[in-house]
Every structure is written in C-alpha cells, then in structure tokens.
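To start, the structure itself, in structure tokens.
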Amino acid sequence: MHRIPLPPGFLWGAATSAHQTEGANENSDWWALENMPGSFCEEPSGQAVDSFHRWAEDMDLAADAGLRDYRFSIEWARVEPEPGVFSGEALKHYRHMIEGALQRGLRPLVTLHHFTCPAWFAGWADPAAPDLFARYVAQVAGILDDVEHVATINEPNVVAAFPRLLAQGPGGLAKGLPEPEETIAEGLVSAHRQARHVLRTALPEVQVGWSISVQDYQPDPPAVAAAAAYLYPRQTRFLLESRDDDWVGVQAYTRVRLVLDGDVARPAAPVSSAQRTQTGWEYYPAALGGAVREAARVVGAVPVIVTENGVATGDDDQRIAYTHGALTALAAALDDGIDVRGYFHWSLLDNYEWGSWGPTFGLVSVDRGTFVRSPKPSLAWLGRVGTSGLIPSLEER
Ligand code: BGC
C-alpha cells in the first residue's frame, strides 16, 4: 500500500463543465454547432444530464463519497445571453451553486470558460474578444467572494487548435493536437491576462490560474531535440504564461510518443486498438506523472493543480486501475518534491463528450431518460483514497 503524502489543504475532488452537464444551453455557440445541418457532432447535447436542475444531487454524491472539492464551470452564454445584457437570474443560480458546495464541505474551484461561448461572440481571434471576456468576468467576480480558486479558461491550447482539429476529421485528438492557431492563441492569452487582472482587483484573496491540456509527450531519442519546437506552440507557451499566475491547472489523460520526421517531431503511429480507450487515446495511466513534471519544469515556482485526469471506459474496474496508476505516478512526483496542490478527477458524471454521448468518463452514471444518477464503485474508491491518504493495492480495494 502506497501512502500519498497529501500536503495540508490538498484539493481532492471531481470536475464537470456546464455545457457537458447542464442541458439546454441554447444561447451558446456549441448549441448552434450541434444543431446545424450537417454538423460534425454525432449527437446534440439536448438536456445533457440536467445538472442545471440537479446540481445539488451531484454535489451530495461527491460530498457523501468523501470528496472535499468540486470543480464546475459558469456558463458565459447564460450569464450574458445578449452582448452587454447580464442575467441576474443566471448569476444568482451560480451563486447558489457556490453556496451549495460550501454548505456541503466542498470547496468550489470555478472555471469561467470551458469551451463554450455565447452564440453572439465572434471568436477569440476578434480583437475585441479579450475586452468582452473581461467585461463578463467583472460581472461574475461579484459572486465569487468566497471562492479560493478560479480558472479563467479551460485548455486554451485545445481551444486555439479547435478549427484545425475539426479539419483533421474523425478521430479528433486521437491523431494528436494540431498546432494552435496563433491569432486565437494570442486572443486567449490576452483574455487570460485581463481576466486575471479583473479578478485580482475585485478579489484580492483569490488564487487565479488556467487549465492547460498537458499530455505526457515522450520523444524517441532521435526526436528529443526537435520535440521542444513541437511542444512550444502546443503547450509550452501556455504554461509559460502561467508563471504570473497563482497556480497552473494540468489536464492529463495519455502519452504521445514523438518520432523524428525529416527534421521535425511528429506523433508516432497510433497504438493498437486494444491499447486505446473509448476516445482513441492510448491507455497509459502513468501519463499524469510525466505531465505534472513537465508543467513544473516550465512554470518554475508556481504550484500545479491537476484539474482533470481520467479515462473513457465502460469498465469501472478499468477506471479504478487507471486512476490507481495515475495516482501512483502523482505520488512519486510529490515524493520527488514536485509542488502539486490538488487532484480533480474527470469527471464526476458521465456527460456530453463534445459531439457524442459515447465515451463515459464518469464516477457516476446517469440514465439519460430519467436522469437518475448511479454512483459507480470508482466514486467511493476515490473518496477513500482522499480521506485515508493511502492508495490501496488493486487487490485490496
Ligand atoms: C476537457 C473536457 C473533456 C475531457 C475529455 C478535456 O479536454 O476539458 O471537457 O470532456 O478532456 O475529453
């Protein structure tokens, strides 16, 4: 049995996002994308898992299992359905969620942008985008006064690569993250800086960061020198931006082996289907260790919070085995002095996986007809690891 040396105050929880769980996010750009003729989405989000109405039940499940933290997002499209028109009702709703979490002993980590924008927003390449985001953040700051951790933007490196990801066609991220588009990346970086300034001015105690998709990139020996140029636009430049933050969010799921192709690095051929998860990514639990070490190497003294880690599988024993491997790698990084301050599993619930209901990442399954929630054994397992600070062997669980 390995002891995870959880430092005092270590965050231990699960994560969700608004669009993937709430349902009927009708004023968002994703809703429009899902419902347009010929959409790249296999299925729309519809009522999702109705967490807009059932968030209290979701939080009860997390708290009852022993989790101490809950990461969820605020939906910009609900808060600002028309440009400059802010919904007091939506803000009140999210304030209730924050209070509901605190009442249950769950510390909220609140994300302000998780992939979706209001349908009226022209995109991050629009020169007005950072100001528009900052204006929204200033409104939301009014309901965040007892929230310790705020993430401005979820996976800016994936958001900036999104148009190219779409062009890559079926298979999506399983083919590797395309190079982010520079104008979109610049818009996101400047939106993050402005949002951080707004938050720090309004809430002097708040700990601000953002969450980066950081996978465990493993170059073959000949590709080592070229790997830095491959990684710079895809994750390093976003991690460097975190040097002025209070923490950096790492979201790790898999490894990507890099090979040399001419004088550039590129992802190796995909592993066999037997080694892949429902999303087509290699099943590689130890990826979390490599990802937090790489993030720490780049950001220097800024602490890391694992804001997402998990596996898309229909087999909950495999989910426990994956998480066991990931936490063992995390424990080794902590033992080596890497400053990690928290772990959030993705995801609390089976939810809408950006175009499809197929991949199931949840610690809790949801009947999409009745919205009845059924906790899987992995939820109690994760709760026990957090409360005991021990990773039991797989036989002992
Ligand atoms: C995103 C989540 C997503 C998960 C699994 C992350 O890229 O933040 O919204 O569901 O990975 O694909």
Side-chain angles (χ1 to χ4, degrees), residues 13-22 25 28-31 33-34 40-43 45 48-49 51 70-76 109-117 151-162 164-166 168 170-178 180 188 209-216 234-235 238 248-256 276-285 287-288 291 295 305-314 319 322-323 326 343-366:
T16 58
S17 88
H19 185 77
Q20 292 175 274
T21 58
E22 287 180 341
N25 189 16
S28 68
D29 55 353
W30 262 85
W31 184 270
L33 283 176
E34 290 161 17
F40 64 89
C41 294
E42 287 164 31
E43 338 171 58
S45 56
V49 291
S51 290
Y70 185 47
R71 172 178 177 232
F72 62 91
S73 74
I74 289 181
E75 183 55 57
W76 185 4
L109 187 155
V110 175
T111 307
L112 303 180
H113 177 269
H114 194 123
F115 289 174
T116 48
C117 299
T152 59
I153 295 169
N154 181 73
E155 295 189 349
N157 48 338
V158 173
V159 176
F162 187 66
R164 291 179 179 162
L165 206 50
L166 267 190
Q168 216 164 257
L173 270 180
K175 293 183 183 162
L177 184 66
L188 288 159
W210 64 352
S211 291
I212 319 287
S213 167
V214 184
Q215 306 311 323
D216 185 7
R234 287 174 176 79
Q235 62 182 42
F238 296 94
V248 59
V250 166
Q251 317 210 138
Y253 290 90
T254 190
R255 80 164 159 184
V256 180
R276 284 185 253 149
T277 68
Q278 289 172 334
T279 41
W281 307 341
E282 183 183 3
Y283 176 86
Y284 189 77
L288 184 59
I305 298 176
V306 177
T307 40
E308 284 183 27
N309 170 252
V311 61
T313 176
R319 185 179 335 281
Y322 176 93
T323 313
Y343 174 88
F344 288 84
H345 194 82
W346 184 269
S347 173
L348 179 64
L349 305 162
D350 286 345
N351 61 32
Y352 182 63
E353 182 54 26
W354 306 111
S356 158
W357 285 95
T360 47
F361 278 95
L363 300 164
V364 174
S365 67
V366 184

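Every value quoted in this text rests on a predicted model; they were computed, and no experiment measured them. Ligands are counted one by one from 1 in listed order, and the atoms in each one are counted from 1 as well.
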Using a strict cut-off of 4.0 Å, indicate which atoms of ligand 1 neighbour a heavy atom of His114.
-> 1 (C), 2 (C), 8 (O), 9 (O)

Near Asn154, which atoms of ligand 1 are under 4.0 Å from a heavy atom of that residue?
-> 8 (O)

Backbone or side chain, does any N or O of Ser17 fall under 3.5 Å from an N or O of ligand 1?
-> no

contact_flag Thr279 ligand 1 heavy-atom lt 4.0 Å = no

What residues, two or more places apart in sequence or in another chain, satisfy salt bridge (charged side-chain N to carboxylate O under 4.0 Å, His left out) together with Glu22?
-> Arg78

Looking only at heavy atoms, which two atoms of Trp31 and His19 are closest? And how far apart?
-> N-CE1, 4.1 Å

In the protein, which heavy atom is nearest to atom 4 (C) of ligand 1, and how far is it?
-> Tyr253 OH, 3.5 Å

Tell me: protein heavy atom nearest atom 10 (O) of ligand 1, and distance?
-> Glu353 OE1, 2.7 Å

Does an N or O from Trp281, backbone or side chain, lie closer than 3.5 Å to an N or O of ligand 1?
-> no

Could you tell me if any non-hydrogen atom of Tyr352 lies under 4.0 Å from any atom of ligand 1?
-> no

Looking only at N/O atoms, are Glu155 and ligand 1 under 3.5 Å apart anywhere?
-> yes

Nearest protein heavy atom to atom 6 (C) of ligand 1, by residue and atom, and its distance?
-> Glu308 OE1, 3.0 Å

